[in-house]
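Values below: all heavy atoms of this structure, side chains included; hydrogens, waters and symmetry mates excluded. Remember, it's 1-based here, ligands and their atoms both numbered in the order they're listed.
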Amino acid sequence: MKNKIYDVIVVGGGLAGLTCALHLSKQGIDVLLIEKDTFPHHKVCGEYVSNEVLPYLNSLGIDPLAEGAVPISKLKISNYNHKEIESTLPLGGFGMSRYYFDNLLFKKVNETCDVVFKTVEAIEFISEKFTVTAQDKTEYKTKYVVSAHGKRSNIDKKLNRDFIEKKSTWLAVKKHYNYDFPANTVALHTFKGGYCGLSKTETGAVNACYLTTYSAFKKYNHIEDFQKNNMSENPFLNKFFSEAAPLFDSPLTIGQISFQPKKPVEHHIFMIGDSAGLIHPLCGNGMAMAIHSAKLFSELFLKQYETKNINRTILEKEYEKQWNNKFSKRIKTGRYIQRLLMNETTASVGFSLLNKFPSMLNLIIKKTHGNPI
Ligand SMILES: Cc1cc2nc3c(=O)[nH]c(=O)nc-3n(C[C@H](O)[C@H](O)[C@H](O)COP(=O)(O)OP(=O)(O)OC[C@H]3O[C@@H](n4cnc5c(N)ncnc54)[C@H](O)[C@@H]3O)c2cc1C
């Protein structure tokens with residue numbers, strides 16, 4: 001493995017990296033996937049996946065519904081002024097824990113390409129070749145690097161990416177619970193300074209995952225205090241936190257979540273998934289976008305690979321152009337909706353309007369989602 005020159009090294013084995021490694025290796029590309037954590041593992045995520053990626057996943061031999069994913073067709077949203085609106089989701093989706101979903105993809109990837117579990121420390125591009133160095137100083141060589149390292153990683157620091165120096169105001173918390181909750185529904189309940197998603201997973205557990213600002217959170221002593229005295233002002237969350245039985249000893253948390261714009265290609269590295277851009281989680285579409293961006297890169301790469309003469313400049317420009325066409329607007333719309341929802345006045349006006357014209361909700365959802373791929 002050491003002296004080999006891979007066609008492609010994929011850094012990061014989340015949904016984007018795993019999908020890309022699977023797609024390329026299934027077509028005969030020599031791929032190495034480098035992931036820092038072994039599988040399976042839990043991740044902070046709402047765990048609602050839009051159906052837009054189902055046909056593509058099926059084409060790769062992945063069938064989440066056959067694996068027990070919960071079909072979801074309804075959305076309920078509420079704010080702390082006690083209003084709840086229900087709508088049918090235009091495309092719908094499914095609920096599956098990241099513990100199961102990522103591992104499902106990993107098992108397939110492990111059959112078709114090389115995988116190592118190490119933290120990548122450096123990616124250097126010299127004379128049309130990359131050297132990818134792991135924390136144990138092992139060097140891996142390749143012609144192309146796809147980095148799928150997620151929202152925030154040591155790699156962003158190493159590459160000196162613009163967003164990494166800017167302060168981020170968001171943190172997120174997730175836990176699974178036993179709770180009587182409709183399986184066909186994903187709920188989004190807002191509270192002062194954030195919002196919380198609830199939906200069922202393949203185990204029957206309800207995943208509760210929330211995003212909040214540091215300024216809202218810091219007024220409270222700890223997570224339980226925040227849930228009881230801030231989030232529970234929303235009666236739906238109050239009922240949930242009073243009745244639900246936690247299934248994890250302690251919650252999973254992440255901080256410094258940045259929604260700043262990023263670039264899909266940097267230092268000749270193709271960024272896919274959250275490393276290229278993160279949509280606000282209230283859209284419930286980050287995983288679908290991560291998977292879609294893997295498809296986008298893989299198809300462009302394979303098209304050029306067939307010609308036996310890959311033009312790096314053209315590939316980079318085309319990927320950048322198509323990534324922006326597919327995802328930039330959605331990310332901007334997500335940012336806009338988040339701002340409206342987090343402001344007490346605009347949220348109140350918005351909820352009143354949606355109560356009168358619930359069909360508007362579908363129009364908003366469509367703005368942040370794509371067509372099935
Ligand atoms: C609070 C919250 C709730 C969300 N809810 C939803 C939802 O309900 N629905 C939805 O569709 N999306 C949701 N999202 C978004 C979704 O989680 C992401 O868009 C998705 O996980 C992106 O996948 P990815 O593969 O790009 O990144 P990740 O899944 O984060 O994978 C990145 C991988 O890279 C690895 N890695 C990082 N650095 C290195 C390194 N140096 N060396 C080796 N490996 C490395 C990590 O270990 C990780 O496995 C949510 C996000 C947040 C923050």
Side-chain angles (χ1 to χ4, degrees), residues 9-21 32-53 72 75 93-98 101-103 105-106 115-123 132-135 140 145-159 168 170-175 186-188 194-199 201 207-212 251-259 262 271-294 327 330-331 334 368-369:
I9 289 182
V10 177
V11 178
L15 293 176
L18 288 164
T19 309
C20 183
L32 169 68
L33 177 83
I34 312 180
E35 162 57 44
K36 67 182 171 65
D37 295 327
T38 53
F39 294 91
H41 49 251
H42 283 289
K43 260 184 188 167
V44 175
C45 182
E47 302 183 334
Y48 164 81
V49 189
S50 164
N51 272 344
E52 69 189 75
V53 290
I72 295 176
L75 168 70
F94 58 89
M96 179 168 262
S97 71
R98 294 295 300 267
F101 195 14
D102 290 35
N103 194 43
L105 276 152
F106 164 68
V115 179
V116 292
F117 291 105
K118 291 181 183 179
T119 300
V120 167
E121 287 213 323
I123 306 171
V132 177
T133 311
Q135 94 276 9
Y140 301 93
V145 170
V146 175
S147 206
H149 56 262
K151 299 174 256 311
R152 188 179 197 90
S153 158
N154 60 327
I155 294 168
D156 296 310
K157 274 215 149 155
K158 253 293 167 346
L159 298 176
S168 157
W170 297 94
L171 69 118
V173 179
K174 164 239 178 89
K175 213 180 205 183
V186 57
L188 187 75
Y195 52 88
C196 177
L198 301 178
S199 57
T201 69
N207 179 39
C209 182
Y210 57 88
L211 191 81
T212 185
L252 269 76
T253 58
I254 47 168
Q256 296 289 322
I257 304 164
S258 171
F259 297 98
K262 300 173 184 173
M271 305 288 174
I272 59 171
D274 286 356
S275 65
L278 175 61
I279 191 162
H280 238 278
L282 60 85
C283 303
N285 208 23
M287 287 189 272
M289 277 176 44
I291 292 167
H292 191 165
S293 65
F327 306 120
R330 294 196 214 181
I331 292 181
T368 58
H369 284 66

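- Side chains of Met271 and Leu159 form a contact here, defined as non-hydrogen atoms less than 4.5 Å apart.
- In terms of polar-atom proximity, Ser275 is not counted as a contact of ligand 1, lacking any N or O under 3.5 Å from an N or O of the ligand.
- Using a 4.0 Å cut-off to heavy atoms of Gly286, the atoms of ligand 1 that qualify are 10 (C), 11 (O), 12 (N), 15 (C), 19 (O).
- When hydrogens are left out, the protein atom nearest atom 36 (N) of ligand 1 is Lys36 CE, 3.9 Å; that is the closest non-hydrogen contact.
- For Asp274, a nitrogen or oxygen atom sits less than 3.5 Å from a nitrogen or oxygen atom of ligand 1, counting backbone and side chain alike.
- Shown in contact with Gly150 at under 4.0 Å from a heavy atom are these atoms of ligand 1, numbered in order with element: 27 (O), 30 (O), 32 (C).
- The protein non-hydrogen atom at the shortest distance from atom 38 (N) of ligand 1 is Ser153 OG, 3.0 Å.
- Protein heavy atom closest to atom 42 (N) of ligand 1, with residue, atom name and distance, is Val120 N, 2.8 Å.
- Here's the thing with Lys151: none of its N/O atoms is less than 3.5 angstrom from an N/O atom of ligand 1.
- Of all protein heavy atoms, the one lying nearest to atom 21 (O) of ligand 1 is Arg98 NH1, 2.7 Å.
- Among all heavy-atom pairs drawn from Ser168 and Gln256, the shortest one is OG-C, 3.3 Å.
- Checking only distances, Thr119 never comes within under 3.5 Å of ligand 1, N or O to N or O.
- For atom 52 (C) of ligand 1, the closest non-hydrogen atom of the protein is Pro281 CG, 3.6 Å.
- Inter-residue side-chain proximity for Phe39 and Leu18 is flagged as met; some heavy-atom pair is nearer than 4.5 Å.
- Between Lys158 and Val120 the shortest side-chain heavy-atom distance does not fall below 4.5 Å.
- For ligand 1 and Ala172, the ligand atoms under 4.0 Å from any heavy atom of the residue are 1 (C).
- You'll find the side chain of Ile254 stays beyond 4.5 Å of the side chain of Arg152, heavy atoms only.
- Where the criterion is an N or O separation shorter than 3.5 Å, residue side chain and backbone included, Ala16 meets it with respect to ligand 1.
- Between Lys174 and ligand 1 there is no heavy-atom distance shorter than 4.0 Å.
- Val44 approaches Cys209 most closely through the heavy-atom pair CG1-SG, 4.0 Å.
- Under 4.0 angstrom from ligand 1, the non-hydrogen atoms of Glu47 all belong to its backbone.
- The shortest N/O to N/O separation between Met287 and ligand 1 falls below 3.5 Å.
- Within the 4.5 Å cutoff, the side chain of Phe106 has no heavy atoms near those of the Glu35 side chain.
- By the 4.0 Å heavy-atom criterion, Ala148 is counted among the residues contacting ligand 1.
- Looking at heavy atoms from C-beta onward, Thr253 lies out of side-chain contact with Leu171 at the 4.5 angstrom threshold.
- Contact detail for Gly46 and Asn207: the closest heavy-atom pair is O-ND2, 3.0 Å.
- Nearest heavy-atom pair across Leu211 and His280 is CD2-CE1, 3.6 Å.
- Of all atoms in ligand 1, listed by their number and element, those nearer than 4.0 Å to a heavy atom of Gly14 are 25 (O), 29 (O), 31 (O), 33 (C), 49 (O).
- In the displayed structure, Lys118 atom NZ is contacted under 6.0 Å by more than 12 heavy atoms of other residues, nucleotides or ligands.
- When non-hydrogen atoms are compared, ligand 1 lies under 4.0 Å from the backbone of Asn285 (N, CA, C, O) but not from its side chain.
- Closest to atom 37 (C) of ligand 1, if we only count protein heavy atoms, is His149 O, 3.3 Å.
- In summary, the atoms of ligand 1 found under 4.0 Å from a heavy atom of Asn154, numbered by their order in the structure, are 40 (C), 41 (N).
- Of all non-hydrogen atoms in Ala21 and Leu33, the two that sit nearest each other are CB-CD1, 4.3 Å.
- Nearest protein heavy-atom contact of atom 7 (C) of ligand 1 is Tyr48 O, 3.6 Å.
- Taking every non-hydrogen atom of Ala290 and a distance limit under 4.0 Å, the qualifying atoms of ligand 1 come out as 22 (C), 23 (O).
- Taking 4.0 Å as the cut-off, Lys118 counts as a neighbour of ligand 1 on heavy-atom distance.
- Side chain of Asn285 to backbone of Thr368: a donor-acceptor contact under 3.5 angstrom is found.
- His149 and Asp156 share a side-chain donor-acceptor pair at under 3.5 Å.
- Distances shorter than 4.0 angstrom occur between a heavy atom of Leu15 and an atom of ligand 1.
- Protein heavy atom nearest atom 4 (C) of ligand 1, with residue, atom name and distance: Gly46 N, 3.2 Å.
- Here is the list of ligand 1 atoms found below 4.0 Å of a heavy atom in Gly273: 26 (O).
- Annotation for ligand 1: atoms under 4.0 Å from non-hydrogen atoms of Lys43 are 28 (P), 29 (O), 31 (O), 48 (C), 49 (O).
- In this structure, the side chains of Arg98 and His42 stay at 4.5 Å or more apart for every pair of heavy atoms.
- Contacts of Asp102 with ligand 1, taken as heavy-atom pairs under 4.0 Å, are absent altogether.
- Between His369 and Cys283 the shortest heavy-atom distance is CE1-O, 2.9 Å.
- Distance alone, capped at 3.5 Å, places no donor-acceptor pair between the Lys262 side chain and the Leu278 backbone.
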